[in-house]
Amino acid sequence: MGASHGSHGEIFELLSNRRRRYAIHYCKRVNEPVELGDLAEQVAAWELDKEVQELTSAERKRVYTALQQTHLPTLERADVVEFENHTIELTDEADALEIYLDIVPADSIPWGVYYLGLSVLGFVVLAGVWADVVPTETIPPLGWAGLVLGAVTASAIAHVLTSRRYRLGEMERPP
């Protein structure tokens, strides 16, 4: 990371804005310098959930102006993009930056809450084995430990695979 990048907090603050996140996503997908007009069109289309061809000139202009005056200068100051002559290019640092977003689909719980529940379950099993409440004749204590560890491992694998899907620049539509 370059000296101007600062902390991960600054990166996440930059990405907390949807337009900036969409701009980086588009630049990562195209993987070469992009024209401001093309970027603004695609960002507007994603925001409004429309095809680029369906956009009105007012919708294009609103996003174009916001990118030009606010968001691209902000990304440039953070050393994420180079922006000149209406052309945007990711910096080497930004290009190499693997950005995963902890996206929580509407019908699921956040991973942190899930892992907390799994930990509580593990401690309940441990307490049950210790108090002789959990049957150790059918499944020995090591078997119970193996089951809990297996659940944690399977969960971690699922978490890694789903978070890879939510990496900026990876999927068709930005998160």
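Residues T87 and V34 fail the side-chain proximity criterion, which asks for heavy atoms closer than 4.5 Å. The side-chain heavy atoms of I24 and C27, taken from C-beta on, include no pair separated by under 4.5 Å. Here the side chains of I139 and L147 are in contact, with some heavy-atom distance below 4.5 Å. Proximity of E59 to K50: side-chain heavy atoms (C-beta onward) are separated by under 4.5 Å at one or more points. Looking at heavy atoms from C-beta onward, R21 lies out of side-chain contact with H25 at the 4.5 angstrom threshold. Within the 4.5 Å cutoff, side-chain heavy atoms of L36 are placed close to those of L72. The side-chain heavy atoms of E35 and L39, taken from C-beta on, include no pair separated by under 4.5 Å. Using a 4.5 Å heavy-atom threshold, the side chains of L126 and W144 count as separate.
Side-chain N or O atoms of T91 include none that pairs as donor or acceptor with a backbone N or O of V81 at under 3.5 Å. Remark: side-chain polar atoms of E76 are not paired, donor with acceptor, to backbone N or O of E82 under 3.5 angstrom.
Here the CG atom belonging to D132 is positioned 10.0 Å from the CH2 atom belonging to W130, to the nearest 0.5 angstrom. With values rounded to the nearest 0.5 angstrom, T56 atom OG1 is found 12.0 Å from K61 atom NZ. L116 CG to L121 CG: the interatomic distance, rounded to the nearest 0.5 Å, is 11.5 Å.
Under the 4.5 Å side-chain contact rule for hydrophobic residues, Y26 and V63 share a cluster.
Using modelled atom types and a 3.5 Å distance limit, the side chains of Y114 and S155 yield a donor-acceptor pair. Checked by atom type, the side-chain pair Y22/H71 shows no donor-acceptor distance below 3.5 Å. In this structure, a donor-acceptor pair under 3.5 Å is absent between the side chains of R60 and S57.
Looking at every heavy atom in both residues, A151 comes nearest to L118 through O-CD2, 3.9 Å. Shown here for A66 and R19, the closest heavy-atom pair between the two residues is CB-NH1, 3.2 Å. Listed here is the closest heavy atom pair of L67 and A23: CD2-CB, 4.4 Å.
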Trace of the side chain to side chain contact (heavy atoms under 4.5 Å, CB included) decision for Q68 with F83: CA-CA 9 Å; Q68 184 179 39; F83 174 46; 4.3 Å; yes
